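Below is one structure, written out as structure tokens, with a few remarks after it.
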Protein chains: 2
Amino acid sequence: MAFTFQINNDVEFNHNQAFLKKAQQLTPTIQHTKVTPVALVETVKDDHKLNSTGIKKIDAVENLPKHLMKRDDHVTLDFGNHYVGYFKINIQHVGSPQDAPLTLKLKFAEVPAELVYDSADYDGWLSKSWIQEEVIHIDHLPVELKLPRRYAFRYVDLKVIDTSPKWSASFDKAEVTAVSSVTTAQLPKLSDPELQSIYNVSVKTLQDCMQTVFEDGPKRDQRLWLGDLRLQALANYATFHNDDLVKRCLYLFAGMTAKDGRIPANVFTNGEPQPDDTFLLDYGLFFTSTLNDYVVETNDISTLRELYPVAKKQILVALHSIKDGHYQFYDNYPVFVDWSNDFDKTTAGQAILIYTFKQFVSLAQRLNETEDIQKISAVIKQLSESAIHDLFDSQQQLFVSGPDKEVNIASQVWMVLAQVVTGSQAATVMQTAKQKLFPITGIATPYMYHHITEAFFCAGLKDDGIELLKNYWVKMIKLGADTYWEAFEPEDPDYSPYGSPIVSSYCHAWGCTPAYLIKKYLVN
Amino acid sequence: MAFTFQINNDVEFNHNQAFLKKAQQLTPTIQHTKVTPVALVETVKDDHKLNSTGIKKIDAVENLPKHLMKRDDHVTLDFGNHYVGYFKINIQHVGSPQDAPLTLKLKFAEVPAELVYDSADYDGWLSKSWIQEEVIHIDHLPVELKLPRRYAFRYVDLKVIDTSPKWSASFDKAEVTAVSSVTTAQLPKLSDPELQSIYNVSVKTLQDCMQTVFEDGPKRDQRLWLGDLRLQALANYATFHNDDLVKRCLYLFAGMTAKDGRIPANVFTNGEPQPDDTFLLDYGLFFTSTLNDYVVETNDISTLRELYPVAKKQILVALHSIKDGHYQFYDNYPVFVDWSNDFDKTTAGQAILIYTFKQFVSLAQRLNETEDIQKISAVIKQLSESAIHDLFDSQQQLFVSGPDKEVNIASQVWMVLAQVVTGSQAATVMQTAKQKLFPITGIATPYMYHHITEAFFCAGLKDDGIELLKNYWVKMIKLGADTYWEAFEPEDPDYSPYGSPIVSSYCHAWGCTPAYLIKKYLVN
């Protein structure tokens with residue numbers, strides 16, 4: 001499994017100031033919540049937890065000041081749940097006058113596994129700069145230490161690098177000011193306790209990712225990705241219903257398109273908004289999906305009217321990826337589908353074109369854009385027919401992909417979601433896929449698992465959907481998840497795409513969709 | 001050689017608010033000087049330099065921005081001389097948008113030897129917190145990075161821990177705002193070029209230690225020690241003549257005495273002034289020396305009148321260390337004499353009593369304190385006579401110390417400085433000492449070497465004094481000193497009392513005395 005960085009730093013961008021101003025005006029007020037730790041803990045070996053690392057309470061948090069700490073002493077605070085926010089703590093010295101600075105290492109960890117990993121040992125390809133660790137010198141004690149950076153964590157390890165032989169450091173009043181653009185929703189009561197916990201953790205995941213934009217992960221990369229936004233927006237309609245945040249994000253993407261009209265796969269919003277130089281065909285097309293979902297929820301036609309040309313542009317650009325009636329994969333504007341590059345993506349890509357083109361037609365219908373409706377409907381028809389004709393193996397009752405006619409899960413799932421097959425035929429495809437391709441291997445993203453699960457529901461296979469919800473998301477909870485992870489491979493629970501838990505994101509947007517799935521397919 | 005930490009944190013202190021207010025009012029205005037680097041350098045093996053580490057220029061500093069730096073790249077800035085101050089630098093990113101923080105390690109080094117030493121390898125007894133190293137995360141580039149802490153350095157090593165695979169960091173406009181309470185003196189021209197360079201480096205050493213107090217070392221411990229103050233004040237009268245800074249420091253010590261009247265060996269002045277819980281008999285007595293030297297320079301009788309009782313108290317306390325007409329070493333109030341604890345200190349201690357008591361009598365005479373004059377003069381007479389009678393070995397023409405009648409350099413030096421022997425007898429003692437005890441071994445402090453050198457001059461042995469000046473201080477310069485070091489053992493040039501150069505102080509107050517010695521004994 002590999003993720004390839006795109007470097008296209010010669011691409012020039014449009015900056016639509018009117019759109020960006022609208023985005024700016026929609027910046028949410030961040031809600032602050034003070035949270036104090038619930039216990040002092042230490043890590044323990046626990047084979048039932050992620051990376052075989054669990055935690056054990058060692059003392060009440062009230063006793064923290066009694067832990068007089070010198071060189072190499074450390075203590076771990078447990079805040080009881082995952083939070084995104086700003087950390088502060090009071091530190092004083094005990095003993096002789098402070099004859100040297102205090103040097104303190106602070107490690108912020110979303111999961112216990114991060115605490116046992118030495119950052120010096122990390123040599124993965126992903127930037128070390130994401131490691132949530134600070135080493136600071138404090139020249140004057142006592143101090144109320146307020147760290148200026150935001151962290152995503154449940155645990156904080158305080159390690160004294162050194163005091164001096166003449167005094168110890170004593171800590172007190174640890175606190176996180178947790179931030180989000182939303183406060184906890186009143187969660188609905190579900191009759192199935194497993195579904196209830198799946199639901200609750202997904203809501204927490206979504207909440208912690210909802211900052212001034214929908215971030216992909218508050219630990220890392222803290223960024224607005226279109227592929228994540230689409231799913232977060234759906235989960236948001238099912239829970240917090242902060243529609244303005246979706247609108248803001250749509251305007252951010254629409255406000256920064258490349259000169260050729262393509263929407264970048266993500267934008268940076270820490271500081272002045274800035275587009276990334278990464279382009280993914282499916283992510284660009286999901287602008288249309290996200291806009292359509294937004295309009296369905298809000299009926300906000302004036303926003304649709306403004307953003308329609310941007311959505312249309314993505315569709316028109318995507319037409320260049322169609323050759324001989326089929327989607328064709330181009331390296332310079334690839335479809336993502338999933339992190340894994342170990343399967344053929346052309347059939348899934350074709351389905352995603354159909355899926356998003358249908359949503360575009362739905363938008364065009366609202367605006368009575370007759371010409372667009374006719375043109376794109378014709379393309380949908382062509383792509384759907386060629387899919388059935390050339391890509392559906394009626395003997396296997398499965399879609400095949402690429403020159404080797406590879407059968408993979410993504411093709412089936414997206415053809416079902418795109419409603420190229422429907423009704424009993426969709427059910428047959430998904431049942432056959434389950435029979436032949438389960439248990440799934442080589443897929444590490446909740447993003448792909450979400451689409452598989454939703455495809456079951458779309459195909460009317462409710463029980464299979466519930467089973468997968470439980471097999472995937474409950475498994476994370478059992479391994480210790482307070483929020484859903486960026487990457488989880490059930491067949492290899494400790495898998496990290498970066499070779500280390502310290503740069504993995506354990507609260508990641510694309511894991512938050514159970515709230516949406518449960519509300520849409522299982523409640524009522 | 002060992003230095004023992006005193007821990008007396010049960011000692012209670014007086015706070016004389018009137019004295020402390022006076023000290024506060026005398027706080028000097030700190031002078032700021034902007035300095036830019038002169039070259040980009042790298043360390044090279046050079047057996048003629050400290051720890052066999054020299055430097056080599058690798059590029060012009062103007063080319064710094066062209067060094068595009070990614071994970072593990074580093075560059076070293078050379079500011080051309082030692083400075084104490086605040087560092088800033090501009091940083092931008094080059095390439096794709098900044099998709100991760102920049103993590104940067106900055107090492108500040110007074111000497112090249114520090115640059116090749118990995119701080120992770122340091123495990124000495126002295127606090128690691130003094131290591132001048134910062135690891136910082138920068139979330140938003142470009143930035144004008146201004147570090148809030150003060151450092152003492154000539155070299156700054158910038159090491160990129162990581163950027164991301166998509167961009168590099170580029171640095172520009174490095175600058176130090178150098179601070180001191182004095183600006184460079186117009187240095188006198190000396191005919192001997194070696195003496196000139198000895199002189200110049202001692203003035204730079206003094207300047208960099210002159211901050212809001214006379215610090216012992218601006219890298220470490222940044223603190224006002226009485227033993228250092230006495231020497232710095234003498235060098236200051238020979239150069240900058242900032243008499244108010246001496247006065248301020250006298251009031252700081254006088255303002256914070258223990259309940260039993262003793263002056264602490266040092267005080268902390270970062271933040272609210274605070275006395276340390278370390279007590280050294282000779283340092284306490286040097287309050288009298290420093291006050292006497294100050295009055296001789298300034299004729300400031302009103303300050304003398306205010307501080308005389310504090311000086312007198314030190315003398316009275318010291319009387320308790322006299323038993324059977326001799327100074328006796330007590331562990332709970334030891335004499336320091338030198339870092340080394342490998343020699344018997346009683347004879348040197350007795351001489352220091354005589355030396356400082358004489359200065360006290362001189363002060364008492366200015367105030368016509370007849371009773372004090374008589375009382376202490378009698379003690380001086382007794383101590384001097386017992387020294388000659390019991391401690392002077394007329395056969396060897398040397399003073400002996402302790403029950404084993406040990407002959408050490410400190411005894412001779414201090415008996416000469418205390419003028420227990422004078423004229424040709426002093427010359428004989430010092431010549432004999434040179435014959436028998438040179439080359440000196442086991443003494444690592446410029447503090448002790450200063451007293452040996454001055455004893456030569458006091459004994460009229462000018463050439464021997466010059467020879468030692470050159471043998472000791474020029475040797476440091478040849479090894480690469482821009483300022484004189486806390487510790488230097490000529491027979492073992494790489495010796496560090498801490499086992500590592502990274503916590504050694506290479507600009508240290510008690511090395512600054514050549515300016516005083518040259519002015520007093522060699523100019524005119």
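Bear in mind that the values here come from a model prediction, so they are computed numbers and not experimental data. The basis for the numbers below is simple: all heavy atoms, side chains too, and nothing from hydrogens, waters or symmetry mates.
Neither the backbone nor the side chain of Leu104(A) has a heavy atom closer than 4.5 Å to any heavy atom of chain B. Asp123(A) touches chain B through backbone and side chain together, each having a heavy atom under 4.5 Å away. With a 4.5 angstrom heavy-atom cutoff, Arg220(A) does not touch chain B via any of its atoms. For Ile136(A), no part lies near chain B; criterion is any non-hydrogen pair under 4.5 Å. If you measure heavy-atom distances from Gln98(A) to chain B, the contacts under 4.5 Å come from the backbone alone. If you measure heavy-atom distances from Glu133(B) to chain A, the contacts under 4.5 Å come from the backbone alone.
Atoms CZ and NE2, from Phe268(A) and His140(B) in turn, are 12.0 Å apart once rounded to the nearest 0.5 Å.
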Begin with the C-alpha distance, continue with both residues' side-chain angles, and end with the deciding distance and a verdict on side chain to side chain contact (heavy atoms under 4.5 Å, CB included) for Thr103(A) and Lys128(B). CA-CA 8 Å; Thr103(A) 306; Lys128(B) 297 179 184 185; 5.9 Å; no
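Comparing Val135(A), Asp139(A), Leu102(A) by how many heavy-atom pairs each has under 4.5 Å with chain B, the most go to Asp139(A). Here Asp99(A) is the residue among Asp99(A), Ile138(A), Val11(A) with the most heavy-atom pairs under 4.5 Å with chain B. Considering only heavy-atom pairs separated by less than 4.5 Å from chain B, the leading option among Arg149(A), Glu134(A), Arg223(A), Gln274(A) is Arg149(A). Contact tally against chain A (heavy-atom pairs below 4.5 Å) for Ile161(B), Asp221(B), Asp276(B): the top residue is Asp276(B).
For Asp121(B), the CG atom is densely surrounded, since the number of other residues' heavy atoms within 6.0 Å is greater than 12. A 6.0 Å sphere centred on NE2 of His74(A) holds no more than 12 heavy atoms belonging to other residues, nucleotides or ligands. Under a cut-off of 6.0 angstrom, the local environment of NZ in Lys66(B) is sparse, with at most 12 non-hydrogen atoms contributed by other residues, nucleotides or ligands. With a 6.0 Å radius and a threshold of 12 heavy atoms from other residues, nucleotides or ligands, Asp118(A) has its CG atom above the threshold.
A donor-acceptor contact shorter than 3.5 Å is absent between the side chain of Ser127(A) and the backbone of Ser164(B). Checking side-chain atoms of Lys166(A) against main-chain N and O of Gln6(B) turns up a donor-acceptor pair under 3.5 Å.
The nearest pair of heavy atoms linking Pro165(B) to Trp125(A) is CG-O, 3.6 Å.
Side-chain contact check for Ser129(B) and Asp162(A): no donor-acceptor pair (N or O, by modelled atom type) lies under 3.5 Å.
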